[in-house]
Every structure is written in structure tokens, then in C-alpha cells.
Amino acid sequence: MELQKTRDISYALKTIEGHFPAAFRPVASPRQAEPQATGYRQVRIDPLTNPVLLGYLKERGILPEIAKETCKEVHFQNKGKWYFAVGFANRSGGYEIRNKYLKGSISPKEITHIKNGSDRCIVVEGFMDYLSFLTLKAAHPGNGQSKGNGPDYIVLNSVSNVGKAIPVLKEYKSALCLLDNDTAGRQAFQQMAKAGCPVRDKSDCYREYNDLNDYLLDRKMAQENKTDHQHETVPKKIEKPAKKQSG
């Protein structure tokens with residue numbers, strides 16, 4: 001509707017049908033099994049430039065420059081229809097894919113290991129958490145950390161991938177876990193700890209929120225409200241009345 005400059009939903013859908021890739025699928029529950037796109041065809045990986053996808057990430061609080069550097073734009077066909085989504089690559093050539101209506105993956109399902117040459121690592125559950133962490137980090141550069149390339153990262157892409165992450169984690173001196181504040185997140189941490197990984201649970205830093213993205217969105221909203229309030233309370237400049245000329 002935005003692209004076609006119309007309020008007529010039917011007209012907008014007919015305009016893009018068969019010509020413009022679109023995805024209209026219900027969002028899966030975060031803890032349901034995610035659909036793996038073994039049947040997806042004609043997969044094409046492009047730089048992330050689509051304004052609809054960038055707008056979706058902006059709604060999630062993610063900085064566009066971080067998204068463009070970290071993610072891709074994935075186009076694919078499923079059952080004769082075209083779809084497009086934000087894509088995040090894993091170490092085996094598969095992709096996690098997201099848009100406003102879709103949460104899935106293109107096989108194989110794997111972890112993502114981002115190497116910066118560090119002996120310490122940060123572990124997050126999904127790539128939206130990874131983007132959220134980078135966005136928060138960009139808002140507070142330094143943050144008491146030493147200079148350098150920064151830590152390595154492991155994005156699980158699903159708590160079911162913990163077993164694949166354990167051998168990698170054992171190679172590090174320390175690892176901070178920023179997993180979801182739910183049963184699955186706590187169980188994932190316990191599994192890594194019991195396996196002898198040098199992990200520390202840091203989810204308490206955002207204990208009032210389900211995950212890092214919820215925390216980021218709340219901080220962003222609070223900052224916007226603070227800015228709006230400051231604009232409302234700034235007093236207008238009072239001009240002194242001109243002196244009357246005598247005579």
C-alpha cells in the first residue's frame with residue numbers, strides 16, 4: 001500500500017501478485033519448531049537494500065548500517081510463489097530468514113560463529129539478539145571495554161543447536177551468555193555449563209525482559225519519550241517589549 005500510494009488493500013495485492021516478491025505467513029510461536037526451507041527453490045542472495053525489510057528491522061530497533069553490514073536479502077520461491085526476507089548466514093551455508101510475517105530457515109540449520117581473533121566469546125540465541133547487542137554497543141562505544149577487534153560471537157540460531165556450540169565454546173577462556181529469560185534459555189545455559197564450557201550467565205542484566213531485543217526496544221522507547229518531553233518543556237524565548245519612544 002505504501003509503495004502503490006493507495007489505501008485499497010485489494011488493489012495493492014493485485015498489483016504485486018506475480019511481479020513483486022512478498023511474504024504473507026503467520027509468525028510462528030517463538031518456541032514452536034521453525035519451518036526449514038528444504039523445498040525452497042531459486043534462492044537468491046543479495047545485499048540488504050529493500051526498504052520494506054529495512055523498515056521491519058527499524059521497527060525492531062536495529063540500526064540500518066548494522067543490518068546492511070551483517071545481513072543479506074534473501075529471495076526464494078516456494079510452491080510457485082515468491083518471497084523475500086532478511087537473511088542471516090550460518091557456518092554451513094544455511095540462512096535464518098525473517099520478515100514481518102515469516103520466521104524460518106533455509107537448511108542446513110546450524111550455529112553462526114563470528115570470529116574476531118579473541119579468546120572470549122558472547123553467546124546469543126538468535127540473530128535478532130545479535131543485531132540488538134551490536135546496536136546497543138554502538139550507542140555506548142567503549143563501555144569500559146579494551147580496544148581491539150572485540151569479542152567473538154556465537155549465534156545459536158536455535159536452542160536445539162547447543163550441542164553444536166559446545167565444542168567451539170570449549171576453545172575460549174571465557175564466554176558470556178545473553179540468552180532468553182525463559183525456561184529454554186536457562187536450560188541451554190545449564191547444558192553448556194554442565195558440559196564444561198567457560199560460560200557465565202548475564203541474562204540478569206535484562207531480567208525484566210524476555211530477550212535482548214525487548215530490552216533494546218524498551219530503551220529506545222524510553223529515550224524517544226524523554227526527547228519528546230524535553231522538546232515540550234523547553235520554554236520559548238521571551239522577547240522584551242520595545243521601549244516607547246518619548247514625544
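Within the 4.5 Å cutoff, no side-chain heavy atoms of I122 are placed close to those of Y130. No side-chain heavy atom of V159 sits less than 4.5 Å from a side-chain heavy atom of Q187. Considering only heavy atoms from C-beta on, V86 stays 4.5 Å or farther from V74 through its side chain. Inter-residue side-chain proximity for S132 and I62 is flagged as met; some heavy-atom pair is nearer than 4.5 Å. The closest side-chain heavy-atom distance from Y153 to K115 is not below 4.5 Å. In this structure, the side chains of H75 and W82 come closer than 4.5 Å at one or more pairs of heavy atoms. Side-chain contact between P108 and S92: present, with at least one pair of heavy atoms (C-beta onward) separated by less than 4.5 Å. Here the side chains of L217 and N213 are in contact, with some heavy-atom distance below 4.5 Å.
Closest approach of A85 to I97, counting heavy atoms only: CB-CB, 4.0 Å. Here the shortest heavy-atom pairing between P151 and K137 reads CD-NZ, 3.9 Å. The minimum heavy-atom distance between C121 and L169, with the atom names listed, is SG-CD2, 4.4 Å. Here the closest non-hydrogen pair linking M192 and C177 is CE-SG, 3.8 Å. Smallest separation of non-hydrogen atoms from A165 and L156: CB-CD2, 3.6 Å. Nearest approach of L216 to G61, heavy atoms of both residues: CD2-O, 3.5 Å.
Put simply, M128 and F84 are part of the same group of oily side chains (I, L, V, M, F, W, Y) that touch within less than 4.5 Å, one to the next. When hydrophobic clusters are built by joining Ile, Leu, Val, Met, Phe, Trp and Tyr residues whose side-chain heavy atoms come closer than 4.5 Å, directly or via intermediates, V155 is not grouped with Y172. Note: the hydrophobic cluster containing L53 also contains L134 (ILVMFWY, side chain heavy atoms under 4.5 Å, direct or indirect links). Grouping the Ile, Leu, Val, Met, Phe, Trp and Tyr side chains by contacts below 4.5 angstrom, directly or via other members, places V199 with V168.
For F127, the ring pair (Phe, Tyr, Trp, His ring centres under 6.0 Å) criterion is met by F88, not counting sequence neighbours. Annotation: salt bridge (charged side-chain N to carboxylate O under 4.0 Å, His left out) contacts of E73 (sequence neighbours excluded): none. Every salt bridge (charged side-chain N to carboxylate O under 4.0 Å, His left out) that D46 has, sequence neighbours left out, goes to R44. Annotation: salt bridge (charged side-chain N to carboxylate O under 4.0 Å, His left out) contacts of R91 (sequence neighbours excluded): E110. Residues satisfying the ring pair (Phe, Tyr, Trp, His ring centres under 6.0 Å) criterion with Y215, sequence neighbours excluded, are Y209.
Summarising the geometry, atom CG belonging to D180 is positioned 5.0 Å from atom CG belonging to N210; distances are rounded to the nearest 0.5 Å. Taking OH of Y95 as the start and NZ of K72 as the end, the distance is 6.5 Å to the nearest 0.5 Å. One distance of note links OH of Y206 with CG of L212; it measures 4.5 Å at 0.5 Å rounding. Taken from CD in E65 to CG in L54, the straight-line distance is 10.5 Å, to the nearest 0.5 Å. Interatomic distance, L48 CG to C71 SG, rounded to the nearest 0.5 Å: 6.5 Å. Separating the CG atom in L136 from the NZ atom in K220 is a distance of 11.5 Å, to the nearest 0.5 Å.
For the salt bridge (Lys or Arg N to Asp or Glu O under 4.0 Å) condition, the pairs that include at least one residue of residues 190-207, sequence neighbours left out, are D204-R207.
V123 pairs in a side-chain contact (heavy atoms from CB on, under 4.5 Å) with only one of the listed residues (L178, L176, L179), which is L179.
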*Could you go step by step and tell me if N157 and T112 meet the side-chain hydrogen bond (donor to acceptor under 3.5 Å, both in side chains) rule?*
CA-CA 7 Å; N157 292 320; T112 300; 3.0 Å; yes
*Kindly determine whether K173 and D119 satisfy salt bridge (charged side-chain N to carboxylate O under 4.0 Å, His left out), including the steps that lead there.*
CA-CA 6 Å; K173 288 185 177 180; D119 59 1; 3.6 Å; yes
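Not a single donor-acceptor pair under 3.5 Å links the side chain of N161 to the backbone N or O of K164.
Of the N and O atoms on the side chains of S118 and D152, not one donor lies less than 3.5 Å from an acceptor on the other residue.
Using a 4.0 Å cut-off between a side-chain N of Lys or Arg and a carboxylate O of Asp or Glu, K109 and E96 qualify as a salt bridge.
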